[in-house]
Amino acid sequence: MMKFIKNNMRWPRTAVLVVLAGMATSACDVVNPGRILDADLSQEGALRVLVNGIGGDVTLAYRGLGWNLEVLTGGLTGTSAYDSRIRHWRGNPNALDAEDYNSAWAAGWVADQGIARMQEVLGGEFNNSALAAEAYVWGGIAYRLLGESMCQAVFDGGAPTDRSEYLERAEEYFTSAAEIASAVGNSSLRNAALGGRASVRINLGDWQGAVADAQQVPTAYEWAVIMHGGDTRERNEIFYENQRRTNLNVRYSFFHSYGEEFDDPRADIVIPTDVGAADGSFPQVWHTKYTAAGDDVPAVKGTEMRLIEAEYYITQTGEWQRGLDIVNQLRADAGVAPWTASNQAEAFTALKKERAIVLWLEHRRGGDLYRWGNTAAGDPVLAKMYENVAQSDGHELAIPQGERAICLPFSQTLVSTNPNIS
């Protein structure tokens, strides 16, 4: 099956200096100019570099925020000596822990500023530029990450507002990306924009619009956040902290027991015989979704589009069997036994599990929990984690499931620098 992945834009971030130097020197005599002047980016020849920078900051946001959200929402557990990982696992993060994901707020701001600069440079040609569409896609992903993860929104030092405002800006950016991509005939960018917008619209309650978008995205399509491995700024932290430093563990999670029960390649696990976790406990359980620090993280996938359609039928129209059939087609494609259900509630539980499996370690469960009632109570993934902990260690997690936080707080840096945040 053909897979559309945006690997053609994999520019190393170190290319920034080389490209800018090449504007003034021959290809055989490249001189590192040192610091880049702001004015150097305000020329059409530098816009490829500018868009790469926006994408690079989205990568950094995924790296900094991703593991926090996975541990908080049950994708991984925090078997680490670091207090912050333990607090996220127990569902009780605080402002000091949030310093790890300041990059997420920065990514949205960088996208705003970069798009404004491109509009100034390109003028009337902005709406005919594939680079502009790409910048909007990265901006949409940045704001979707914030809207699905943060408890509140804040813009440019203003007062806190509802987190849905992040999602609304993401929708605007994806809409602009889709319009420009359609105008220039770039189908990959258009699919990224429509898929991103569909994933935002379900959390804004626009199911008709979400399904209309989702139906246009092929199941095999994928748009990824680009990782570079060797560069610690842009490495796949989920791989690194699970299989190199062993601070993040699959043990106790829903995916530990699911991986042992089902031969599902989308949620495969490995239990090494001689590897313990960083806190001294044993064993360390590895995921195999990412096998290198340079593995990209999917951000828009056609398989999620099918799940959007399935959830629409199960929860909005009452055609739960139709929705379950879509879910089970994805499982058949993966070579996995189907879920069974005898009513709408059971079909909805199956849908929740399948979304967790399809989007595992892609940092998206915060949006699901937000959409499903803004509470951890009744979530099958978190419930299974609590059950596994109780069966293995004979005790419950410190924070009861019903009182668990499912969104992330402002960082101490934001609190101390913005007088509008108490």
Side-chain angles (χ1 to χ4, degrees), residues 1 70 73-77 148 195 198-199 202-203 207 210-211 214-215 217-222 250 252-269 285 287-289 298 300-373 375-389 391 401 406:
M1 182 178 291
E70 290 296 335
T73 59
L76 294 168
T77 56
E148 290 182 340
S199 66
I202 58 175
N203 287 324
W207 280 99
V211 171
Q215 289 173 339
V217 181
T219 302
Y221 179 81
E222 184 176 298
V250 183
Y252 301 134
S253 73
F254 165 87
F255 301 94
H256 184 183
S257 47
Y258 177 82
E260 290 183 323
E261 181 179 357
F262 291 85
D263 186 19
D264 191 334
R266 304 168 302 171
D268 195 23
I269 64 169
V285 180
H287 62 78
T288 62
K289 179 159 185 168
V300 178
K301 298 199 304 190
T303 47
E304 184 193 0
M305 301 302 103
R306 305 292 80 80
L307 290 175
I308 288 173
E309 295 164 7
E311 186 172 348
Y312 170 71
Y313 293 125
I314 292 171
T315 66
Q316 304 299 310
T317 72
E319 300 171 88
W320 63 266
Q321 186 62 61
R322 182 178 180 181
L324 185 64
D325 289 344
I326 296 174
V327 169
N328 283 332
Q329 183 59 58
L330 293 180
R331 294 182 67 78
D333 292 343
V336 187
W339 296 118
T340 60
S342 58
N343 55 52
Q344 183 182 34
E346 291 177 359
F348 190 25
T349 297
L351 180 280
K352 290 178 178 180
K353 292 178 181 178
E354 193 67 13
R355 275 194 64 93
I357 294 162
V358 169
L359 301 176
W360 187 35
L361 306 182
E362 296 173 15
H363 323 324
R364 302 292 308 287
R365 291 205 72 242
D368 289 350
L369 294 174
Y370 171 65
R371 179 172 71 260
W372 295 333
T375 177
D379 177 67
V381 173
L382 289 171
K384 190 63 177 178
M385 180 184 73
Y386 277 80
E387 178 185 330
N388 290 344
V389 170
Q391 290 178 349
Q401 184 181 0
I406 59 164

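Contact of the Leu359 side chain with the Pro298 side chain is not registered, since no non-hydrogen atoms from C-beta on lie closer than 4.5 Å. Leu351 has its side chain out of reach of Thr315: every pair of non-hydrogen atoms, C-beta onward, lies at least 4.5 Å apart. Using a 4.5 Å heavy-atom cutoff, the side chains of Val250 and Leu76 are in contact. Counting heavy atoms from C-beta on, the side chains of Tyr370 and Ile406 never come closer than 4.5 Å.
Taken to the nearest 0.5 Å, the CD atom of Gln215 stands 9.0 Å off from the OH atom of Tyr312. Of the inter-residue distances, the one linking Ile357 atom CD1 with Thr303 atom OG1 reads 12.0 Å to the nearest 0.5 angstrom. Between Gln321 atom CD and Ile314 atom CD1 the span is 9.0 Å, to the nearest 0.5 Å.
With sequence neighbours left out, the side chain to side chain contact (heavy atoms under 4.5 Å, CB included) criterion links Ala214 to Ala198, Met305, Ile308, Glu309. For the side-chain hydrogen bond (donor to acceptor under 3.5 Å, both in side chains) test, no residue two or more places apart in sequence or in another chain qualifies with Lys353. With sequence neighbours left out, the ring pair (Phe, Tyr, Trp, His ring centres under 6.0 Å) criterion links Tyr258 to Phe254, Phe262. Partners of Lys352 by side chain to side chain contact (heavy atoms under 4.5 Å, CB included), not counting sequence neighbours, listed by chain and number: Phe348, Trp372, Pro380. For Glu387, the salt bridge (charged side-chain N to carboxylate O under 4.0 Å, His left out) test picks out Lys384, with sequence neighbours left out. Residues passing the side-chain hydrogen bond (donor to acceptor under 3.5 Å, both in side chains) test with Thr340, sequence neighbours excluded: none. Applying the ring pair (Phe, Tyr, Trp, His ring centres under 6.0 Å) rule to His363 yields the partners Tyr62; only residues at least two apart in sequence or on another chain are considered. Qualifying salt bridge (charged side-chain N to carboxylate O under 4.0 Å, His left out) partners for Glu304, counting only residues two or more places apart in sequence or in other chains: Arg355, Arg364. Remark: Arg365 engages Asp379 in a salt bridge (charged side-chain N to carboxylate O under 4.0 Å, His left out) (not counting sequence neighbours). Evaluation of the side-chain hydrogen bond (donor to acceptor under 3.5 Å, both in side chains) rule for Ser257 yields Asn388 as partners, not counting sequence neighbours. Applying the salt bridge (charged side-chain N to carboxylate O under 4.0 Å, His left out) criterion to Arg331, with sequence neighbours excluded, gives Glu354.
Within the 3.5 Å criterion, the main-chain N or O of Trp339 finds a donor-acceptor partner in the side chain of Asn328. A donor-acceptor distance shorter than 3.5 angstrom exists from the side chain of Lys289 to the backbone of Trp360, with no hydrogens or angles considered. Of the possible donor and acceptor atoms, none in the side chain of Glu148 sits under 3.5 Å from a partner among the backbone N and O of Asp368.
Considering every non-hydrogen atom in both Ala356 and Val381, the closest pair reads CB-CG2, 3.6 Å. Closest of all the heavy-atom pairs between Val336 and Asp264 is CG2-CG, 3.5 Å. Contact between Thr317 and Tyr313 at its shortest, heavy atoms only, is OG1-O, 3.1 Å. The minimum heavy-atom distance linking Thr77 with Ser253 is given by the pair CG2-N, 4.1 Å. Residues Ala341 and Ala347 come closest through the heavy atom pair CB-N, 3.5 Å. The two residues Arg306 and Ile326 come nearest to each other via the heavy atoms O-CG2, 3.3 Å.
Contacts classified as salt bridge (charged side-chain N to carboxylate O under 4.0 Å, His left out) and involving residues 311-320 (residues at least two apart or in different chains) are given here: Glu311-Arg371, Glu319-Arg322.
The local environment of CG in Asp325 is crowded, with over 12 non-hydrogen atoms from other residues, nucleotides or ligands closer than 6.0 Å.
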